[in-house]
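Heads up: the structure comes next, in structure tokens.
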Amino acid sequence: MLKRMQSKEDIIKDQYMKTLTCFLQDSTLYDCLSINNLVSVIDQSFSLFDVFNVFIETHIDEVLFWNPDVAYYDGVFTQTDLIRIILKCYQNTINGIPNVWGNSKNQVQPIMEEEDEDRTSTPVSKTQQIGQEQINKLLIDLKTISVRDWFNSYGENLHQSSLVQADMADNLNDAIKKILKQGVTRIVVIDTESRVIVGILQQKDILAFLVKGFSQYFHLQLSQKSHKIEILNENKQQSEQHELEISYFSERILQLNDKLPFDTNVYDVFYKLIYVFKRNAIPIVDANNQYLGLIDRRDFLFILKYQVYDMLNRQAIDLLNFIRIEKSKYAGFCICNKELFHMKQTLKEVVENLLLSSRGSLVCLNENKEPISTLQMSDLFKICLDDIEIE
């Protein structure tokens, strides 16, 4: 059988992976750590309301819970957990179901059912409204129910099993293998000697480190070898690995095309993000399927910050407009924010723009302004690094 002749893009991709693997093997988790990776730790006795305020005031993505009984960390709590709790509390409040049976640890009974991740029906009727009395009841519950009581009622252990750990002296190549193999988005970094947690690295942190360090490493390697990568074409020109266009991965990218109409209930937007699409962000389109904007999980913090819980029963377009008004108050927001990408951009350009995106996602539009793909950190992480051999 004749072997297919490698294209220019195939050769660039192969060389890119070889150089990238060497760079990752020469770099440690310590090299990748920054002040932004410091661990936030809180006690499980904190109320849900207090924990939510930590997220709002510090703009963090996760916290670790400290368990004084064993004098160690008991698990990680993320923004996704935050949204799950609010959605469930909101649903319970509307339906007149107590969130926990009392606030004493001994009184708590397991009343919560596991969410069906394949469920596609709307969990809250669009005709159901939440009144001020119900909002007051919701706020009282959030301020009086502790994290420990909530998770006891849920029968969970704060995802302790998902605390994937690595030594800060480990090389990045091994850490990435662990992330991809375990299917997680973050890894807990442990000090080599004290065995204390010194930071949490997310996929975006590793991508940011690649953007800063890989170009220098790449050019250093070229100067040491005294030549560039040769690509056989009619002009016999030389080409750098950074010229690899994102369109090379279009088959995978174009499969990431979920979207929701403008009149979708906001509760359902976040419910489907977590349980149906399992994505961080979703494009919202008008009646003609044209792009209106992105809603991502972090936008939920606006609802918490301003306590506009009635927004959960409004349309997605209302939330988009609310977010635009709030973000317009910050002069520098539109200057650095990136939201779109196109297939002619290089892989390096898309990664850089994704890191500059306040939404953590980029949307690709066709000539009719219709969204055809949405890229998030985990997608590019897999695209850039998925070819690393996992043992």
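Ile97 and Ile140 fall into different hydrophobic clusters, where Ile, Leu, Val, Met, Phe, Trp and Tyr residues are linked whenever their side-chain heavy atoms come under 4.5 Å apart, directly or through other members. In terms of hydrophobic clustering, with Ile, Leu, Val, Met, Phe, Trp and Tyr side chains grouped at heavy-atom distances under 4.5 Å, Leu340 and Leu256 are assigned to different clusters. Hydrophobic clustering keeps Leu320 apart from Leu365 (ILVMFWY residues linked when any side-chain heavy atoms are closer than 4.5 Å, directly or through intermediates). Put simply, Phe322 and Leu292 are part of the same group of oily side chains (I, L, V, M, F, W, Y) that touch within less than 4.5 Å, one to the next.
In this structure, Phe23 and Phe209 have parallel ring planes: the angle between them is below the 30° cut-off, well short of the 60° mark.
A salt bridge is defined here as a Lys NZ or Arg NE, NH1 or NH2 lying under 4.0 Å from an Asp or Glu carboxylate O, and Lys137 with Glu133 fails to meet this definition. Taking a cutoff of 4.0 Å between a charged side-chain nitrogen and a carboxylate oxygen, Lys272 and Asp258 do not qualify as a salt bridge. The pair Arg359-Asp299 counts as a salt bridge, with a side-chain nitrogen and a carboxylate oxygen less than 4.0 angstrom apart. Salt-bridge annotation for Asp379 and Arg279: present, with a side-chain N of the basic residue lying under 4.0 Å from a carboxylate O of the acidic one.
To the nearest 0.5 Å, atom CG of residue Asn53 and atom NZ of residue Lys305 are 11.0 Å apart. Atom OH of Tyr267 is separated from atom CG of Leu319 by 15.5 Å, given to the nearest 0.5 angstrom. Note: Asp263 CG to Arg314 CZ = 14.5 Å, rounded to the nearest 0.5 Å. With rounding to the nearest 0.5 angstrom, the CG atom of Leu294 is 8.5 Å from the CD1 atom of Ile282. Note that CZ of Phe49 is 5.0 Å distant from CD of Gln307, once rounded to the nearest 0.5 Å. Atoms CZ and CD, on Arg195 and Gln165 in that order, are 8.0 Å from each other to the nearest 0.5 Å.
Between Thr374 and Val363, the closest side-chain pair of non-hydrogen atoms falls below 4.5 Å. When side chains are defined from C-beta on, Ile284 does not count as touching Ile317, because their heavy atoms never get closer than 4.5 Å. Between Cys89 and Leu142, some side-chain heavy-atom pair lies under the 4.5 Å cut-off. The closest side-chain heavy-atom distance from Val39 to Val188 is not below 4.5 Å. Contact annotation: the side chain of Val63 never approaches that of Thr58 to less than 4.5 Å [non-hydrogen atoms, C-beta and beyond]. Phe77 is listed as a side-chain neighbour of Ile85, based on a closest heavy-atom distance under 4.5 Å. With contacts defined as side-chain heavy-atom distances shorter than 4.5 Å, the pair Gln202/Met377 does not qualify. Taking 4.5 Å as the limit, every side-chain heavy atom of Phe300 sits out of range of all side-chain heavy atoms of Phe55.
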Practice item. Report the C-alpha separation of Asp61 and Lys204 in whole Å, then their side-chain angles, then the decisive distance to 0.1 Å, and conclude whether the salt bridge (charged side-chain N to carboxylate O under 4.0 Å, His left out) test is met. Key: CA-CA 11 Å; Asp61 293 320; Lys204 66 179 180 181; 2.8 Å; yes

Exercise for review: Let me see the working for Tyr309 and Tyr90 under ring pair (Phe, Tyr, Trp, His ring centres under 6.0 Å), right down to the final yes or no.
Suggested key: CA-CA 8 Å; Tyr309 297 103; Tyr90 178 86; 7.9 Å; no

Exercise for review: Using the side chain to side chain contact (heavy atoms under 4.5 Å, CB included) rule, take Glu339 and Ser357 through it: C-alpha gap first, then chi angles, then the decisive distance, then the call.
Suggested key: CA-CA 6 Å; Glu339 192 169 309; Ser357 168; 5.7 Å; no

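In this structure, Asn321 contributes its side chain and Asp318 its backbone to no donor-acceptor pair below 3.5 Å. Using a distance-only test at 3.5 Å, with no hydrogens or angles considered, no donor-acceptor pair links the side chain of Glu326 to the main chain of Ile323. A donor-acceptor pair is defined here as one N or O able to donate and one able to accept, closer than 3.5 Å; no such pair exists between the side chain of Gln203 and the backbone of Phe381. Checking side-chain atoms of Asp174 against main-chain N and O of Asn171 turns up no donor-acceptor pair under 3.5 Å. Although no hydrogens or angles enter the test, the distance criterion places no donor-acceptor pair under 3.5 Å between the side chain of Ser27 and the main chain of Leu172. Of the possible donor and acceptor atoms, one in the side chain of Asp296 sits under 3.5 Å from a partner among the backbone N and O of Arg298. Judged purely by atom type and a 3.5 angstrom limit, Asn366 uses its side chain to pair as donor or acceptor with the backbone of Asn368. Looking only at distances, no side-chain donor or acceptor of Ser247 sits under 3.5 Å from a matching main-chain atom of Lys344. A donor-acceptor contact shorter than 3.5 Å links the side chain of Asp81 to the backbone of Thr78.
Within a 6.0 Å radius of CD in Gln132, other residues, nucleotides and ligands contribute more than 12 heavy atoms. Within a 6.0 Å radius of OH in Tyr30, no more than 12 heavy atoms belonging to other residues, nucleotides or ligands are found.
For Pro261 against Ala316, the heavy-atom pair with the smallest separation is O-CB, 4.3 Å. What you find for Thr192 and Ala169 is that their closest heavy atoms are OG1-CB, 3.8 Å.
Tested against Asn99, the residues Asp149, Asn92, Thr144 include a single side chain to side chain donor-acceptor pair (under 3.5 Å) partner, Asn92.
In summary, the side chains of Tyr271 and Gln91 do not present any donor paired with an acceptor at a separation below 3.5 Å, with no hydrogens or angles considered.
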